Structures are given as structure tokens and as C-alpha cells.
Amino acid sequence: MYILAIETTGAFASVALAEANEAGGECRVIAHVEGHDRYSHLQNLTPQIQQVLCDGGVSIDELSAIAVSNGPGSFTGIRIGVSTARALSQVKGIPCVPVSSLEALALRADAAENAVICPILDARRSQVYGGGYRGGEEVIQAGPYTIEEFMELAADYEEIYLMGDGVDTCGEKIGTLRTEGVDFAPEEIRYQRAEEVAAIGAKKYAAGEGVNFDQLEPEYMRMAEAERKLRAKLAEKGRSNG
């Protein structure tokens, strides 16, 4: 079976085409393309999809499912990826497979066996979307945290390996919170990529975790900044009127 995988939650959109067995245990990426323009997902995603299908020699009608990283991450990026997956799913009548961007990013790690892999994505204002994984299990619950909250949870583990653009924005602060047992992923494996979305998507699809296009939902983990400001404004107005 063939799985198309979409990753748009980070700065650079990427698309992968993978071939997997029906059990989802063996997944081989046969084509992959990654953008080089930051946050140009809207312009580049459709050509990227066309390119991987062409490079892989696979027709869109041969796809079994569409795996998509549905968050957390860039709100705009998430919406573009999810909307594209929904549209393809509806037109072709094949299921979507939602994949956590944190779980997929953790697959890129090359760390010590006993280290907890901690993908952290920038959520602005010294906040991150983060989680902790070891041996394929989630040991720190994925969610929105201040960097201090996340590092406090990570303090339970002797060694942690940090990934994601939260390293870029919070790395200096992390260095003041913890000086031992912490390592940062190099830039070449630090960020999200569609190949890992394909690997997880193939397993989830084989396990019957595909959904209809109208059931695919984004996972923002917190409200958008504009919505947060609107709610705060309405709350303040309510207090004034009271």
C-alpha cells in the first residue's frame, strides 16, 4: 500500500510517499521533498505532492491513505496541511491518518538509549508545545507548557534530548534551568519532516486508525493569539458592564 504524508506544522513544508505492508510494520519512503522557503506552505504544498507522486512513479489513485501532521505547531501551517489532506481524502474517497507532530519529530532522534526524547515546539512568549518519549512510549504528556514547567517535568529523568524549534527560542533559558544530562539535537535532525509522519501514519492506518475527511481535526493545543485576545477583550467588556 502507498501512503502520502504531509508535514506543514514547522517552518518548512515537506511531503513524503511511502510504501508499506498491510501490517504497517515495514515502511519504505520512496520519494520525499522538502521546501526551502520559510512558511511558504500555501504556494508549495500542491507542487510538492505532485512531485513526490511523479518521483515515486505512483498515481494518486493508487494511494491507500493520507497521513498528515495535525499539530501542534504553526496554526497557519496546521490549517493548510489539514485542509489539503481533507480535500484529497474527500475527492479520492480514502482515509486520513492524523499524526502528532511531536511524536513524529521524536522519531528523528539519535540519542542515548536511556535518554528521554523531548520535542519542544515554539509557542511564543517562552512557551512551548512539548512531550517526552522513550522506547516509543509517551513519558511526559504532550501539551502546552511554559519552558519552566516543561523543564520541571523533565527533571525526573537523568538524560533528556531536546528537539524542535523550541530549542532555538528557549535554548539559552534551558541552559540556566539545567546544566547536566541535557543535549540538543543538531540542526540537521532538529525539525519536523514528512518521512516520520509516513512511518507513524502507516502503522496507524494498518491498526484501523484512519478517519473520514470530515473527522480530521487540527490539534492546536491552545487557542490562537487572535482568539485569546478577543476572549480577553470580551471578558473585560463583561466586567465593565457588570
Side-chain angles (χ1 to χ4, degrees), residues 5-14 16 27 34 38-39 67-75 77-78 81 97-201 203-204 218-223:
I6 297 171
E7 167 53 69
T8 56
T9 66
F12 304 101
S14 64
C27 181
E34 184 172 357
R38 294 178 64 86
Y39 297 108
V68 59
S69 181
N70 68 328
S74 160
F75 282 23
I78 293 170
V97 185
V99 175
S100 162
S101 57
L102 297 175
E103 184 181 356
L105 180 53
L107 279 187
R108 297 203 71 183
D110 180 16
E113 289 185 4
N114 58 338
V116 173
I117 311 304
C118 296
I120 54 172
L121 304 179
D122 179 30
R124 301 183 180 179
R125 301 188 307 276
S126 293
Q127 295 178 321
V128 296
Y129 309 112
Y133 302 84
R134 183 163 61 188
E137 298 293 328
E138 184 181 80
V139 296
I140 299 176
Q141 183 175 355
Y145 300 98
T146 64
I147 192 59
E148 290 85 359
E149 290 170 340
F150 186 82
M151 292 304 292
E152 185 175 349
L153 292 174
D156 292 337
Y157 303 95
E158 290 186 6
E159 294 186 35
I160 61 172
Y161 188 78
L162 293 161
M163 312 180 71
D165 61 3
V167 170
D168 303 335
T169 56
C170 299
E172 185 174 345
K173 181 66 175 179
I174 291 168
T176 67
L177 296 171
R178 180 166 177 170
T179 58
E180 296 182 355
V182 57
D183 197 9
F184 298 109
E187 288 191 9
E188 56 265 27
I189 63 166
R190 185 176 294 176
Y191 310 111
Q192 299 98 302
R193 189 177 65 168
E195 291 191 33
E196 287 72 34
V197 176
I200 294 176
K203 290 183 179 180
K204 293 186 69 175
E219 176 52 86
Y220 297 122
M221 284 195 175
R222 67 175 176 85
M223 68 183 73

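Computed from a predicted structure; not experimentally measured.
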Check: [Y] main-chain N/O paired with [X] side-chain donor or acceptor under 3.5 Å:
X: Ser69; Y: Glu7; answer: no
X: Glu149; Y: Thr146; answer: yes
X: Glu137; Y: Val139; answer: no
X: Tyr39; Y: Gly10; answer: no

Distance-minimising heavy-atom pair for [X] and [Y]:
X: Pro186; Y: Tyr161; value: CD-OH, 3.4 Å
X: Glu219; Y: Met221; value: OE2-N, 3.0 Å
X: Cys27; Y: Ala199; value: SG-CA, 3.9 Å
X: Thr8; Y: Ala13; value: CG2-CB, 4.0 Å
X: Ile140; Y: Ala154; value: CD1-CA, 3.9 Å

Test: salt bridge (charged side-chain N to carboxylate O under 4.0 Å, His left out). Region: residues 161-184. Which pairs qualify, not counting sequence neighbours? Glu148-Lys173, Asp168-Arg190
Contacts of Arg193 meeting salt bridge (charged side-chain N to carboxylate O under 4.0 Å, His left out) (sequence neighbours excluded), chain-then-number -> Glu195, Glu196
Determine, step by step, whether Leu162 and Ile174 satisfy the side-chain contact (heavy atoms from CB on, under 4.5 Å) criterion, reporting the C-alpha distance in whole Å, the side-chain angles of both residues, the deciding distance to 0.1 Å, and the verdict. CA-CA 10 Å; Leu162 293 161; Ile174 291 168; 3.8 Å; yes
In the structure I gave you, are the side-chain heavy atoms of Ile120 and Tyr145 within less than 4.5 Å of one another anywhere? no
Contacts under 3.5 angstrom, residues 97-108 side chains, donor-acceptor by atom type, not counting sequence neighbours:
{"unit_1": "Ser100", "atom_1": "OG", "unit_2": "Leu102", "atom_2": "N", "d": "3.2"}
{"unit_1": "Ser100", "atom_1": "OG", "unit_2": "Glu103", "atom_2": "N", "d": "3.2"}
{"unit_1": "Ser101", "atom_1": "OG", "unit_2": "Gly71", "atom_2": "O", "d": "3.2"}
{"unit_1": "Ser101", "atom_1": "OG", "unit_2": "Pro72", "atom_2": "O", "d": "2.5"}
{"unit_1": "Arg108", "atom_1": "NH1", "unit_2": "Tyr191", "atom_2": "O", "d": "2.9"}
{"unit_1": "Arg108", "atom_1": "NH2", "unit_2": "Glu188", "atom_2": "O", "d": "3.1"}

